[in-house]
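Right, one structure below, let's go through it.
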Number of protein chains: 2
Amino acid sequence: MLERHRRGQSWWHGKFSGYGYKITAGREIVLGILVGSEKHLSAEEIYIKAHAINPAIGMTTVYRTLDILIEMRLVNKFDFGDGRGRYELTEGPKGLRHHHHLVCTSCNRVIDYTDFIDEEVELLSRTEKGLTGKYNFKISHHLIQFYGLCDKCHSGREN
Amino acid sequence: MLERHRRGQSWWHGKFSGYGYKITAGREIVLGILVGSEKHLSAEEIYIKAHAINPAIGMTTVYRTLDILIEMRLVNKFDFGDGRGRYELTEGPKGLRHHHHLVCTSCNRVIDYTDFIDEEVELLSRTEKGLTGKYNFKISHHLIQFYGLCDKCHSGREN
DNA sequence: TTCCTAAATGAAAATGATTATCACTTTCAA
DNA sequence: TTGAAAGTGATAATCATTTTCATTTAGGAA
Ligand SMILES: [Zn+2]
Ligand SMILES: [Zn+2]
Ligand SMILES: [Zn+2]
Ligand SMILES: [Zn+2]
């Protein structure tokens with residue numbers, strides 16, 4: 001699960017061709033940026049980084065690449081309430097763990113947490129099974145977010 | 001918990017003034033529309049209904065009213081991936097039950113489900129407690145969505 | 001009830017993220 | 001090597017949401 005990373009061919013090459021997509025410089029750079037950051041990047045932030053690496057890359061390619069990465073389930077898109085999409089690798093290489101989010105409704109800060117994840121995921125998979133049966137829905141992934149006020153935003157208030 | 005609904009004063013009047021907001025015709029109509037629909041309405045859909053009731057109501061008021069309803073935790077805003085916000089009453093009058101969503105990534109259909117909710121909510125409240133302690137985060141609400149393909153969208157495909 | 005002022009409003013313009021267009025370039029299988 | 005299909009960037013277009021600002025209104029005080 002980890003040793004395929006040091007092949008000459010990057011681990012995602014097979015995935016791309018499996019979906020009928022070509023491997024291009026722009027796509028490699030965008031994916032590389034996501035692999036290299038822990039943060040939840042916006043399309044523009046990715047564009048700036050990509051553009052710094054190779055100024056030939058345009059915004060359009062960033063969006064289009066993100067779309068196919070999402071389709072291939074390599075990337076998740078989130079909405080944290082700040083008016084722009086936020087992109088993050090699904091659990092992938094780098095030992096990135098599956099996690100959920102705490103979102104501050106005041107300052108939009110996002111905290112990843114992995115505590116309680118095992119229990120949550122266990123319940124989710126049971127729920128998934130039930131829902132799949134009852135609604136004949138083919139579930140591919142889930143989203144869990146808690147909203148509230150982070151420490152900085154609720155200190156100094158009474159309620 | 002239910003008897004206050006048949007007062008002359010609507011049940012939400014206290015809530016508005018408690019937050020320092022005035023009660024206006026536009027706000028009453030917007031809230032009334034949300035109370036009267038099961039669907040997850042977009043701002044524009046609400047605007048159209050509101051405008052039909054009272055043509056003086058503008059789009060701006062719809063957005064502004066939704067903002068304060070969210071602030072008062074009477075309404076939740078969702079993102080189902082179709083590029084526009086979707087608004088729905090939180091559990092309120094009408095015996096509206098707390099529920100979660102199944103979102104079809106192909107046709108954007110949304111199914112509310114309440115099955116398994118009790119178990120989920122029980123786990124969530126334990127998780128909440130843990131997260132509140134560890135991250136000093138004041139949690140006010142949560143979001144759970146499952147994504148996948150609805151029956152219509154995955155019939156006739158192999159994977 | 002009348003008055004007064006902060007709050008609320010609508011129309012219109014502005015914003016800003018995302019998407020569509022289209023002529024040009026690149027990939028890759030044959 | 002080559003050609004068709006896929007990919008691309010610059011630019012314009014879209015379109016949901018927000019801002020602006022002159023005007024109206026809600027609701028507490030008198
Ligand atoms: Zn905060
Ligand atoms: Zn995250
Ligand atoms: Zn569907
Ligand atoms: Zn719902």
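In what follows, every chain begins at residue 1, and chains take the letters A, B, ... in the order their sequences are listed.
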Atom pair distance, as rounded to whole Å: [atom1] in [X] and [atom2] in [N]:
| X | N | atom1 | atom2 | answer |
| --- | --- | --- | --- | --- |
| B/His51 | C/dT9 | NE2 | P | 15 Å |
| B/Ile29 | C/dA8 | CD1 | C1' | 14 Å |
| A/Asp82 | D/dT17 | CG | P | 14 Å |
| A/Arg84 | D/dT17 | CZ | C1' | 14 Å |
| A/Phe16 | D/dG7 | CZ | P | 10 Å |
| A/Lys77 | C/dT18 | NZ | C1' | 8 Å |
| B/Tyr47 | D/dT18 | OH | C1' | 16 Å |
| B/Leu41 | D/dT17 | CG | P | 13 Å |

task = Flag the pair A/Asp79 and A/Arg86 as a salt bridge only when some basic side-chain nitrogen lies within less than 4.0 angstrom of an acidic carboxylate oxygen.
result = no

query = Nearest heavy-atom pair of B/Val62 and B/Tyr47: which atoms, and what distance?
reply = CG2-CA, 3.8 Å

Look for any protein N or O under 3.5 Å of an N or O in nucleotides 21-29 of chain C and output each such pair with its distance, or none.
from   : atom 1 : to      : atom 2 : distance (Å)
C/dT27 : O2     : A/Lys22 : NZ     : 3.0

query = Of the candidate nucleotides D/dT8, D/dA16, C/dA17, which contains the atom at the shortest distance from the side chain of A/Tyr63?
reply =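 Among the listed nucleotides, the one closest to the side chain of A/Tyr63 is C/dA17.
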
task = Measure from the side-chain N and O atoms of A/His154 to the backbone N and O of B/Asn136, and report whether any donor-acceptor pair falls under 3.5 Å.
result = yes

Would you list the atom pairs, donor with acceptor, under 3.5 Å between side chains in residues 48-60 of chain A and any protein atom, with sequence neighbours excluded?
from    : atom 1 : to      : atom 2 : distance (Å)
A/His51 : NE2    : A/Pro55 : O      : 3.0
A/Asn54 : OD1    : A/Ala56 : N      : 2.9

ask   = Does OP1 or OP2 of C/dA8 have a side-chain N or O of B/Arg27 closer than 4.0 Å?
value = yes

inquiry  = Would you call the rings of A/Phe80 and A/Phe78 parallel, tilted or perpendicular, taking 30° and 60° as the class edges?
reply    =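 Plane angle under 30°, so parallel.
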
message = For A/His101 and B/His142, I'd like to know if the aromatic rings sit close, meaning centre-to-centre distance below 6.0 Å.
response =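 For A/His101 and B/His142, the ring centres are not under 6.0 Å apart.
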
